[in-house]
Amino acid sequence: MQLSGIIAYPVTPFHSGNGEINLAALTQSLEHLIEQDCDAIAPLGSTGESAYLSLAEWMNVAECSVKTVNKRLPVIIGISELTTSAAIVKAKYAERIGADAIMVIPVSYWKLTDSEIQAYYQAIADSTSLPIMVYNNPGTSGVDMSPELIVKMAAEIDNVCMVKESSGDIQRMHKIFSLSQGKLPFYNGCNPLALEALCAGASGWCTAAPNLLGKHPKALYQAVRCGELEKARQHFYQQLPLLHYIVAGGLPKTIKAGLSLLGIDAGIPRQPLQEASAEDKAKLGEYMAAVQ
């Protein structure tokens with residue numbers, strides 16, 4: 001699967017009254033992302049609060065996302081599960097509804113060995129023909145996959161063909177490039193690292209930023225690809241204060257608050273996550289206005 005550019009992450013909207021999933025608002029937010037010149041849509045990541053959804057809710061969001069995008073862009077469904085069996089259920093469902101790929105991150109309570117992590121991915125790969133993006137984010141999953149392990153899995157598991165690296169360590173990306181001889185596409189998942197990662201050869205940027213920053217993330221990507229580094233720096237530093245703010249404040253909280261400022265009512269995050277305060281929303285509005 002050849003994939004490059006901006007991979008955008010939607011929120012999962014909830015009705016304010018009963019807390020149920022708001023599919024109409026989800027459709028609106030997906031259309032909003034498509035309008036921002038994104039290159040793929042990745043629902044049910046951490047921005048989409050997948051950890052707080054029941055299986056039935058997860059399936060509803062996945063199906064609505066695939067139907068709404070309707071092949072206009074690739075849809076990469078996020079899967080994060082403690083157990084291999086639960087991940088396989090979701091992988092099979094993603095393929096059945098017509099997703100283009102899955103992004104898989106192992107979640108750990110007990111520390112997993114490299115062989116256990118590889119067996120997790122191998123079992124999922126055996127259950128589906130979909131391309132698999134390995135997602136490394138030790139800060140949220142409790143699992144830190146080394147570049148050596150990731151490249152090994154890509155070589156030994158047919159479906160594993162790309163990696164999202166979110167550790168915040170640019171050296172990880174250099175190592176993945178070197179170990180794979182540039183053959184394994186890697187994608188930046190750390191927003192404040194976007195400029196460095198793209199300059200280091202990242203195939204794309206996985207980010208929720210287009211929800212609030214519109215086409216600015218794509219402009220940064222294109223400037224780097226065209227070798228216009230001064231222009232790329234200008235784009236990046238214009239966006240950087242907001243990128244820092246949404247990450248520090250928590251993506252579900254800050255992205256939903258920002259969408260409300262744009263007229264998209266995505267509700268509030270599910271508890272124990274809390275709604276952005278009035279002060280947070282005011283600050284967010286200032287950062288958003290500075291980039292327009």
Side-chain angles (χ1 to χ4, degrees), residues 1-3 7 9-10 12 40-71 73-138 140-146 148-166 176 180 183-187 189 206:
M1 183 180 190
Q2 298 296 318
L3 186 62
I7 302 173
Y9 287 76
T12 297
I41 302 292
L44 295 162
S46 54
T47 303
E49 299 178 71
S50 59
Y52 305 104
L53 304 179
S54 69
L55 178 58
E57 289 175 326
W58 183 94
M59 290 179 168
N60 283 340
V61 172
E63 183 176 18
C64 179
S65 299
V66 170
K67 286 183 175 179
T68 299
V69 176
N70 194 27
K71 299 299 180 183
L73 297 175
V75 175
I76 307 170
I77 301 291
I79 297 174
S80 55
E81 290 292 337
L82 277 168
T83 67
T84 304
S85 59
I88 287 172
V89 168
K90 290 185 173 180
K92 288 181 175 179
Y93 186 77
E95 182 167 16
R96 188 160 68 248
I97 62 175
D100 297 283
I102 52 177
M103 181 184 67
V104 179
I105 181 170
V107 181
S108 177
Y109 181 82
W110 294 107
K111 183 176 175 60
L112 300 177
T113 65
D114 282 0
S115 63
E116 288 169 333
I117 293 169
Q118 182 157 347
Y120 178 86
Y121 278 98
Q122 183 68 66
I124 295 169
D126 289 342
S127 75
T128 178
S129 63
L130 289 177
I132 297 174
M133 175 184 281
V134 172
Y135 178 18
N136 186 50
N137 191 343
T140 59
S141 70
V143 177
D144 190 3
M145 292 178 279
S146 68
E148 289 81 3
L149 173 61
I150 291 170
V151 172
K152 179 175 183 288
M153 291 194 297
E156 297 178 359
I157 304 174
D158 290 340
N159 306 43
V160 172
C161 57
M162 47 191 165
V163 54
K164 175 186 174 184
E165 174 55 58
S166 298
I176 289 169
S180 69
K183 295 178 181 178
L184 178 60
F186 60 92
Y187 303 79
C206 299

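All figures in this text were calculated on a predicted structure; none of them were measured in a lab.
- Sequence neighbours left out, the pairs with a member in residues 84-97 that pass salt bridge (Lys or Arg N to Asp or Glu O under 4.0 Å) are E81-K90.
- In terms of modelled atom types and a separation under 3.5 Å, the side chain of N136 and the main chain of M145 share a donor-acceptor contact.
- Within the structure, salt bridge (Lys or Arg N to Asp or Glu O under 4.0 Å) contacts touching residues 99-113 (residues at least two apart or in different chains) are K71-D100.
- Legend: residues meeting side chain to side chain contact (heavy atoms under 4.5 Å, CB included) with T47, ordered by chain and number and at least two apart, are Y9, V11, A208, L251, I255.
- Figure legend: cation-pi geometry between K164 and Y135, with NZ or CZ positioned under 6.0 Å from the six-membered ring centre and within 45° of its axis.
- By the side chain to side chain donor-acceptor pair (under 3.5 Å) test, S146 pairs with no residue at all, sequence neighbours left out.
- Listed for the S127 side chain is a donor-acceptor partner under 3.5 Å among the backbone atoms of I124.
- Residue pairs meeting the salt bridge (Lys or Arg N to Asp or Glu O under 4.0 Å) criterion with at least one member in residues 121-136: none, sequence neighbours excluded.
- At distances below 3.5 Å, at least one donor-acceptor pair connects side-chain atoms of Y187 with backbone N or O atoms of L3.
- Between I79 and W58 the shortest side-chain heavy-atom distance falls below 4.5 Å.
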> Does the side-chain contact (heavy atoms from CB on, under 4.5 Å) test come out yes or no for Y52 and T12, once each step is laid out?
Replying inline: CA-CA 10 Å; Y52 305 104; T12 297; over 6 Å; no

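- In terms of modelled atom types and a separation under 3.5 Å, the side chain of Y121 and the main chain of V104 share a donor-acceptor contact.
- Evaluation of the salt bridge (Lys or Arg N to Asp or Glu O under 4.0 Å) test over residues 50-64, restricted to residues two or more places apart or in two chains, returns E57-R270, E63-K67.
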